[in-house]
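Note sheet for the following structure.
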Amino acid sequence: MADPHYRWIGMKISPITRRRIDNFKRNRRGYWSTWAFLLLFVISMAAELVANDKPLLISFENELYFATFVSYPETEFGGDFQTEADYRDEFVAELIEETGWMVWPPIRFSHDTINYELSVPAPAPPKDENWLGTDDQGRDVLARLIYGFRISVLFGLALTILSAVVGVSVGAIQGFYGGLTDLIGQRFIEIWSGMPTLYLLIIVASVITPNFWWLLGLMLLFSWMGFVGVVRAEFLRARNLDFVRAARALGTRDRTLIWRHVLPNAMVATITFMPFTLSASITTLTSLDFLGFGLPPGSPSLGELLNQGKSNLQAPWLGISGFVVIALMLSLLVFIGEATRDAFDPRKVYR
C-alpha cells in the first residue's frame with residue numbers, strides 16, 4: 001500500500017525516490033526557497049498581466065477588448081489615428097470611458113514605458129505611481145525588475161539545459177570508451193577551458209550586435225565543460241562494474257549500455273550540479289549587461305539597472321533595487337542547490 005503522504009502523486013514511487021523527496025523536504029531552507037523561487041518565477045512569467053501600459057480588459061460600446069494580447073487602432077475607439085491606441089493618453093481614456101470602462105494591471109507601466117508626467121527630473125524617487133521610482137530615462141523600476149527577472153531566469157535555464165546536454169554527452173563518451181578518446185578529449189578541454197571566456201565574449205559582443213540567442217550560443221561554447229568532469233568520473237567508475245560487463249557479454253549495444261545502464265547513475269551528479277550552473281549563468285549575463293556587452297540597449301536587464309545605479313549615485317533606489325533582486329535570486333538558487341545535493345546524497349539518511 002502506498003504511503004499516504006505520496007498518494008496525491010497518483011503513481012507508485014520507488015523507495016529511493018521517496019527517500020530523496022524526504023531528504024529534500026527536510027532541508028527546510030532549500031524547501032521553502034524552492035516555493036519562493038517558483039512564486040517569483042510565475043509572477044515574472046505573467047509579467048504582461050502584472051506590469052503593462054495596456055489595460056487587461058476594455059469594455060467599449062458593450063463589446064469586450066483584450067488590449068494586452070491584441071493591438072487595436074485608435075480609430076476602434078473613436079480616435080483619429082490608425083496606429084495602436086495609447087491607453088495612457090487622456091484623450092483615448094476619455095473616449096473609452098464615455099461608454100465603457102478599463103481594467104488595469106497593478107502596475108500601469110511596461111518595461112519600456114516612459115513616464116512623461118514626472119514632477120521631478122528622471123531618475124525620480126519612489127512615489128505612489130512608481131513604487132520603486134524610475135530610472136534615468138523615466139521608466140518604472142519595478143516593471144523593469146519583473147521583466148528583467150524573467151529574462152535572466154529563462155536565459156539561465158536555457159543555458160543550463162543546453163550545457164547539461166552537451167556536457168553529459170561529451171563526458172559519457174569520454175568515460176565510457178576511455179583510452180585515446182578520453183585522452184584527446186581531456187587535452188581539448190584543458191586547452192579550451194584555458195581561454196579567457198569573459199574577454200572573448202566582450203570582443204565578440206563588440207563586433208556583432210548581441211541579442212538573447214547570440215549570447216546564449218556564445219556562452220554555451222564554454223559553459224558545457226562544467227558537466228564533463230562529474231559525468232566522466234561516473235562513467236569511468238561504472239563501466240567496469242559487473243552489471244555493465246554482463247550486459248556487454250550478452251551483446252548489448254554501446255548506445256543501450258550508455259543510455260539505459262550507466263547514464264542514470266551519472267544523472268545524480270548532473271542534477272545536483274545544475275542549480276549552481278544556473279546561478280553562474282545568471283551572474284555571467286548580469287556581468288555582461290553591467291559592462292554594456294550583454295542584451296541590446298533598452299532590454300529589461302538587471303545588470304543594466306546596476307550600471308544605472310553606479311552612474312546615478314544620487315538615486316540610491318536604482319542600485320539597491322537591482323542588488324536586492326539579484327542577491328535574492330542567487331541566494332534562493334544556492335539554497336535549492338544545497339537541498340538538491342542533500343536529496344541525492346546517499347549518506348543523508350533521516351529517521
Side-chain angles (χ1 to χ4, degrees), residues 17 20 24 30 34 37 152-198 200-201 212-241 244 254-288 329-330 332-348:
T17 302
R20 289 170 178 172
F24 185 89
T34 303
F37 182 80
S152 298
V153 174
L154 291 179
F155 182 89
L157 287 174
L159 182 60
T160 302
I161 294 173
L162 293 176
S163 300
V165 172
V166 177
V168 169
S169 300
V170 175
I173 294 174
Q174 286 187 219
F176 186 80
Y177 292 103
L180 186 61
T181 302
D182 185 35
L183 180 64
I184 295 176
Q186 282 300 104
R187 299 294 81 77
F188 173 78
I189 291 176
E190 290 173 0
I191 296 173
W192 193 248
S193 61
M195 294 186 178
T197 306
L198 186 59
L200 289 177
L201 291 174
F212 183 94
W213 301 108
W214 266 108
L215 289 175
L216 183 64
L218 291 174
M219 294 178 62
L220 179 61
L221 294 176
F222 304 96
S223 60
W224 58 270
M225 291 179 289
F227 291 92
V228 174
V230 292
V231 177
R232 172 178 171 269
E234 288 293 329
F235 269 79
L236 286 174
R237 180 185 62 86
R239 69 173 184 163
N240 293 321
L241 296 179
V244 177
D254 290 347
R255 184 175 62 182
T256 304
L257 279 173
I258 294 174
W259 181 255
R260 299 185 59 181
H261 297 279
V262 186
L263 185 59
N265 298 321
M267 289 305 296
V268 173
T270 303
I271 295 175
T272 305
F273 193 67
M274 289 181 72
F276 302 101
T277 305
L278 176 58
S279 302
S281 303
I282 295 175
T283 304
T284 305
L285 178 63
T286 304
S287 303
L288 290 174
M329 182 196 313
L330 297 181
L332 292 177
L333 290 175
V334 170
F335 294 154
I336 294 172
E338 292 177 351
T340 306
R341 181 190 59 196
D342 292 345
F344 286 92
D345 189 352
R347 297 170 297 179
K348 290 281 185 178

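Please read all numbers here as calculations on a predicted model, not as lab measurements.
Proximity of Ser163 to Leu220: side-chain heavy atoms (C-beta onward) are separated by under 4.5 Å at one or more points. The closest side-chain heavy-atom distance from Thr270 to Glu234 is not below 4.5 Å. At a threshold of 4.5 Å between non-hydrogen side-chain atoms, the residues Ser281 and Thr277 count as touching. Side-chain contact check for Leu221 versus Trp192: some heavy-atom pair is nearer than 4.5 Å.
Sorted by first and then second residue, the salt bridge (Lys or Arg N to Asp or Glu O under 4.0 Å) pairs involving residues 156-165 (not counting sequence neighbours) form an empty list.
The structure places CG of Leu154 at 6.5 Å from CG of Leu157, a figure rounded to the nearest 0.5 Å. Taking CD1 of Ile161 as the start and CG of Leu278 as the end, the distance is 9.0 Å to the nearest 0.5 Å. Within the model, atoms CG of Leu162 and CG of Leu216 stand 5.5 Å from one another, a figure rounded to the nearest 0.5 Å. To the nearest 0.5 Å, the span separating CE on Met219 from CZ on Phe155 amounts to 4.5 Å. Taken to the nearest 0.5 Å, the CG atom of Leu333 stands 9.0 Å off from the OG1 atom of Thr160. Note that CZ of Phe222 and CG of Leu200 are 4.5 Å apart. Values are rounded to the nearest 0.5 Å.
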Which atom pairs, donor and acceptor, lie under 3.5 Å between side-chain atoms of residues 174-183 and protein residues at least two apart or in another chain?
from   : atom 1 : to     : atom 2 : distance (Å)
Gln174 : NE2    : Asp182 : OD1    : 3.0
Gln174 : NE2    : Gln186 : OE1    : 2.9
Asp182 : OD1    : Arg232 : NE     : 2.6
Asp182 : OD2    : Arg232 : NE     : 3.3
Asp182 : OD2    : Arg232 : NH2    : 2.9

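At most 12 non-hydrogen atoms from other residues, nucleotides or ligands lie less than 6.0 angstrom from CZ of Arg255.
When all heavy atoms of Thr34 and Ile336 are compared, the pair lying nearest together is OG1-CG1, 3.5 Å.
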